[in-house]
Each structure stands twice: as structure tokens, then as C-alpha cells.
Undergrad: 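My structure is below; once you've seen it, I'll send some questions.
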Amino acid sequence: MAEKALLDRSQVKKAVQALQAFLKNKASGEAPFLDETQHISLLFTLWKIPKEAQTIRIPLPHGQRSDTEEICLFTRDEPNMTSEQTQRFYKKLLQERGVKGISEIIPYKVLKTEYKPYEAKRRLLGNFDLFISDDRIRRLLPSHLGKHFYKSKKEPLCVNLQSKHLARDIERVIQGTSLKVTNKGCCCMARVAHSGMTADEVTENIEAAVQTVVTKLRMKGPVIKLIHIKSQTSVALPVYTSDLGHLSVLESKQAQTPKDKESASTKKNKTEDKEQADATAEGKRKVKKVKKNKAAAEDEEEIPQLVPIETPVKKPKLEKASKKKKLEKAPKPAALKKGTKAQSKLIKKTDSKVKRKVPKVK
């Protein structure tokens with residue numbers, strides 16, 4: 001509620017008058033023959049990004065839509081009635097309840113059949129400025145309308161067509177506005193008035209919108225940082241600026257919340273540091289002990305060690321293999337002596353003679 005108290009009415013009125021003067025000068029300079037009204041919106045800048053997305057309905061004391069805007073109503077299919085009969089039924093119902101401003105009624109069956117192609121959906125989106133739907137068919141509409149309705153922020157607003165105060169409910173939806181607070185950024189905007197309204201009416205709408213936003217936002221502590229007013233073609237004019245004292249409050253809260261996490265991490269770091277210190281101390285002690293032992297050994301006399309006599313051990317198999325390999329790889333002698341040749345010839349002759357002297361078995 002601090003934002004409402006700090007919102008200065010005179011400052012808001014000055015900003016509205018400056019914006020209206022800018023729009024009049026621009027309209028007279030560019031297109032004097034056109035009498036088009038421009039939307040006037042409020043731009044909210046929050047101190048922090050909200051955790052959850054939220055849609056806030058804002059009732060306004062003065063209607064923020066002109067009489068020239070086209071409004072479409074989506075209704076459910078009445079049992080035992082054709083689409084034309086349902087259209088007539090709801091037209092009579094709206095006339096009896098005193099509802100005005102709705103230009104066309106489209107039953108759900110017509111929406112499914114006639115507006116199924118992509119081009120028909122785009123045409124429907126461009127022909128109307130506002131869409132209202134029966135709350136009984138709200139969950140069925142997104143699959144038939146398409147993403148373009150939601151990207152252009154023209155998704156249908158829900159109304160209970162069975163309520164006893166139907167005219168009042170529809171009037172609130174048409175002349176009121178809504179603010180969509182997303183969890184993807186800290187800025188959000190809501191349409192509040194149009195350029196054809198007086199300065200007092202625009203200021204009253206702005207005050208009502210700020211009051212409802214402050215009360216319905218699901219955030220704690222200081223919420224709104226800046227509020228600007230702007231049109232579709234103008235620069236944003238500041239209306240409210242939060243005190244920098246709120247910044248210290250936010251910083252203190254943000255510092256308190258991560259303390260628990262930091263304490264746990266610091267405890268872990270302290271235990272790790274202690275373990276490392278203990279390990280280093282133990283290592284130093286071991287080094288000192290080793291040095292002392294070495295010094296004591298040097299002081300004592302050296303005792304000669306007895307060397308055992310080596311016994312012959314069988315050569316390993318690897319050596320045999322190596323010898324065979326050496327024999328295989330040994331090169332043949334280039335020239336042999338005459339004595340060695342004669343000896344080899346005598347050995348061959350004796351072998352042949354022995355073979356001949358073997359007696360034959362009868």
C-alpha cells in the first residue's frame with residue numbers, strides 16, 4: 001500500500017496532459033482527417049522477477065474502450081438446436097438482460113467448422129478488437145483458435161452467461177482491463193484508457209489500476225519500482241519512482257536467505273581445511289622421525305654384512321631359446337679350410353660303407 005500513498009495525483013495529471021498534447025499535435029500534423037483513438041497503457045517495473053505467473057483483473061471507474069470497437073462472443077451449443085437457433089437464442093437473452101456492445105455471436109460448432117482453416121482464423125482475429133467466451137467452453141477454445149490469438153494478447157475473456165447480473169458482469173469485462181505478470185521478466189503492461197478521454201478520467205483509472213495491482217500481487221516487501229504512462233507511439237512518461245530505501249531492504253532480505261546455504265558450505269570448507277592441516281602435520285612428524293633415524297644410524301658403527309656363496313643354478317629356458325636363435329641367425333662361413341673338407345668327405349664314405357655291409361635278411 002506504500003505505492004498508493006506515494007502516487008501523486010498532480011504529477012499523474014501533468015503526465016496525462018503532456019501525453020494528450022503530444023497525441024493531438026501528432027494527429028493534426030500527420031492525418032487531420034482521421035479521428036482514431038490510441039490506447040493509453042501503464043507500464044509497471046517490479047523490483048524483482050516474480051516466482052509465479054499471474055493474471056490480475058482490474059475494474060476501472062471509466063470505460064477504457066470506445067464505442068466503435070468490435071466485440072465477439074463465443075457461446076456453447078445448446079442441445080436440440082442448430083447453430084442459427086443458438087445465435088437467435090443468445091441474442092434474445094442479451095437484449096432481455098440489457099447487454100449492449102456485442103457485435104457478433106459465434107457458437108462453438110460454427111467455430112469448429114467455418115473457422116478451421118488458417119486464413120479464416122487470421123481473418124477472425126483482425127475483424128474484432130475483443131473476444132468474450134462462455135466459461136463452459138473456455139477449456140475447448142485454445143485448440144481451435146490457435147497461437148496467434150494468444151501472441152497478439154487477444155485471447156477470449158470468460159463470462160458466466162447464466163448469472164443473474166449478466167449486464168454488469170459483461171460491462172466489467174469489456175470496460176475493465178487485465179494485467180499479465182510473467183515469471184520471465186520484471187516488466188508488465190496494462191491498457192488503462194484511450195486518447196479520447198479527459199485528463200481527470202485517465203488519472204482516476206490510473207489510480208484505481210495501481211491500487212488493485214498493489215493489493216493483488218503475490219509478492220512480499222516492496223513490489224513496484226517504477227510506473228510509466230505511454231501510448232502506442234509515444235515515449236514512456238514517469239508517474240511514480242520508488243524510494244531507494246527499498247533497495248536496502250531488498251538487499252538485506254537477499255543477504256539473509258543465502259546465509260543458510262553459505263553456512264553449510266563454510267562448515268564443509270572448515271572441516272576440509274582441518275583435515276588438510278592434520279594431514280600436513282602428520283607428514284611433517286613422519287619426516288622428522290625419518291631424519292632422526294637416519295642421524296642415529298650414521299652415529300652407530302657400520303657392521304659388515306655376510307654375502308652368501310652362490311650355488312650353480314640351472315639356466316633358464318629363455319637363455320636356450322636365445323642360443324638357438326643365435327645359432328639360427330649365425331652366418332655361414334665364407335671359406336672352409338682343406339683339412340675340414342677332407343674330414344667331411346671321409347665321414348660320408350664311412351657312412352655309405354657301413355650301410356652296404358648290413359646283411360640281408362632271408
Side-chain angles (χ1 to χ4, degrees), residues 39 52-115 121 124-125 127-182 188 190-194 205 208-209 211-213 215-218:
H39 308 321
E52 297 179 356
Q54 185 182 358
T55 302
I56 301 171
R57 288 284 186 91
I58 303 171
L60 298 173
H62 304 284
Q64 52 96 17
R65 294 185 185 275
S66 60
D67 297 332
T68 59
E69 292 190 4
E70 298 288 332
I71 299 168
C72 179
L73 174 65
F74 297 120
T75 62
R76 75 161 194 169
D77 297 323
E78 291 294 325
N80 300 323
M81 286 188 185
T82 62
S83 58
E84 294 178 357
Q85 290 175 349
T86 52
Q87 285 179 351
R88 292 171 191 168
F89 171 76
Y90 281 106
K91 278 182 182 178
K92 287 180 182 179
L93 179 66
L94 297 175
Q95 288 176 0
E96 289 174 359
R97 300 292 178 88
V99 178
K100 296 178 181 179
I102 292 173
S103 55
E104 190 170 349
I105 297 169
I106 298 175
Y108 180 65
K109 190 175 181 180
V110 175
L111 180 66
K112 284 196 297 183
T113 55
E114 294 185 8
Y115 295 97
K121 290 178 183 177
L124 178 66
L125 180 63
N127 289 338
F128 298 97
D129 300 303
L130 178 67
F131 294 93
I132 302 171
S133 71
D134 190 353
D135 57 357
R136 293 171 289 184
I137 61 166
R138 180 186 179 183
R139 61 186 180 82
L140 304 172
L141 292 177
S143 59
H144 295 287
L145 292 176
K147 62 183 179 181
H148 300 286
F149 277 78
Y150 297 89
K151 280 186 177 179
S152 60
K153 296 181 180 179
K154 281 189 178 182
E155 64 270 18
L157 304 173
C158 292
V159 176
N160 184 12
L161 296 179
Q162 294 177 334
S163 68
K164 295 179 181 179
H165 307 284
L166 183 60
R168 185 192 66 186
D169 295 342
I170 290 177
E171 189 69 19
R172 282 181 180 177
V173 171
I174 292 171
Q175 300 302 339
T177 186
S178 61
L179 179 70
K180 290 188 176 182
V181 183
T182 62
C188 48
R191 180 179 166 182
V192 170
H194 60 84
N205 282 0
Q211 183 180 357
T212 53
V213 168
T215 53
K216 291 183 179 180
L217 264 176
R218 298 170 191 165

Undergrad: Quick one: NZ on Lys216 to CD on Gln211, what's the gap to the nearest 0.5 Å?
TA: 10.5 Å
Undergrad: Contact between Gln87 and Pro107 at the side-chain level, heavy atoms closer than 4.5 Å - yes or no?
TA: yes
Undergrad: Supply the atom-to-atom distance Glu171 CD to Lys100 NZ, rounded to the nearest 0.5 angstrom.
TA: 10.0 Å
Undergrad: Pair up each side-chain donor or acceptor in residues 70-82 with any protein partner under 3.5 Å, not counting sequence neighbours, and list the distances.
TA:
unit_1, atom_1, unit_2, atom_2, d
Glu70, OE1, Ser103, OG, 3.0
Asp77, OD1, Tyr108, N, 3.4
Asp77, OD1, Lys109, N, 3.1
Asp77, OD2, Lys109, N, 3.2
Glu78, OE2, Tyr90, OH, 2.4
Thr82, OG1, Gln85, N, 3.4

Undergrad: Do you know the tightest heavy-atom contact between Phe149 and Ser152?
TA: O-OG, 3.3 Å
Undergrad: If every non-hydrogen atom of Gly98 is compared with every non-hydrogen atom of Ala167, which pair is closest and at what distance?
TA: O-CB, 4.2 Å
Undergrad: Decide yes or no for Ser83 and Thr113: does some side-chain heavy atom of the first lie under 4.5 Å from some side-chain heavy atom of the second?
TA: no
Undergrad: Report the residues that fulfil salt bridge (Lys or Arg N to Asp or Glu O under 4.0 Å) with Arg57, sequence neighbours left out, ordered by chain and then residue number.
TA: none
Undergrad: Is the closest side-chain heavy-atom distance between Gln54 and Leu217 below 4.5 Å?
TA: yes
Undergrad: Could you walk me through whether Leu166 and Leu94 pass side chain to side chain contact (heavy atoms under 4.5 Å, CB included), step by step?
TA: CA-CA 8 Å; Leu166 183 60; Leu94 297 175; 4.1 Å; yes
Undergrad: Once side-chain hydrogen bond (donor to acceptor under 3.5 Å, both in side chains) is applied, do any residues pair with Arg191, and if so which ones, sequence neighbours excluded?
TA: His39, Gln64, Glu69
Undergrad: Find the distance between NZ (Lys121) and OH (Tyr115) and round it off to the nearest 0.5 Å.
TA: 12.5 Å
Undergrad: Apply side chain to side chain contact (heavy atoms under 4.5 Å, CB included) to the pair Ile174 and Ile132, showing each step before the final yes or no.
TA: CA-CA 9 Å; Ile174 292 171; Ile132 302 171; 3.8 Å; yes
Undergrad: How many angstroms lie between atom CG of Asn160 and atom NE2 of His165, to the nearest 0.5 angstrom?
TA: 11.5 Å
Undergrad: Which value, rounded to the nearest 0.5 Å, describes the distance between Ser178 atom OG and Leu157 atom CG?
TA: 6.0 Å
Undergrad: Can you see which heavy atom on Ile105 is nearest to which on Ile102, and at what distance?
TA: CG1-CG2, 4.4 Å
Undergrad: Got more than 12 heavy atoms from elsewhere within 6.0 Å of CZ, Arg136?
TA: yes
Undergrad: Leu124 and Ile106: side chain to side chain contact (heavy atoms under 4.5 Å, CB included), yes or no, with the steps?
TA: CA-CA 11 Å; Leu124 178 66; Ile106 298 175; 3.9 Å; yes
Undergrad: For Leu111 and Leu141, run side chain to side chain contact (heavy atoms under 4.5 Å, CB included): C-alpha distance rounded to whole Å, both residues' side-chain angles, the deciding distance at 0.1 Å, then the answer.
TA: CA-CA 9 Å; Leu111 180 66; Leu141 292 177; 3.6 Å; yes
Undergrad: Within the side chain of Asn205, is there an N or O that forms a donor-acceptor pair under 3.5 Å with the backbone of Val192?
TA: yes
Undergrad: Measuring from Thr177:OG1 to Arg65:CZ, what's the distance to the nearest 0.5 Å?
TA: 7.5 Å
Undergrad: Got a sec: does the CZ of Arg97 have more than 12 other heavy atoms crowding it under 6.0 Å?
TA: yes
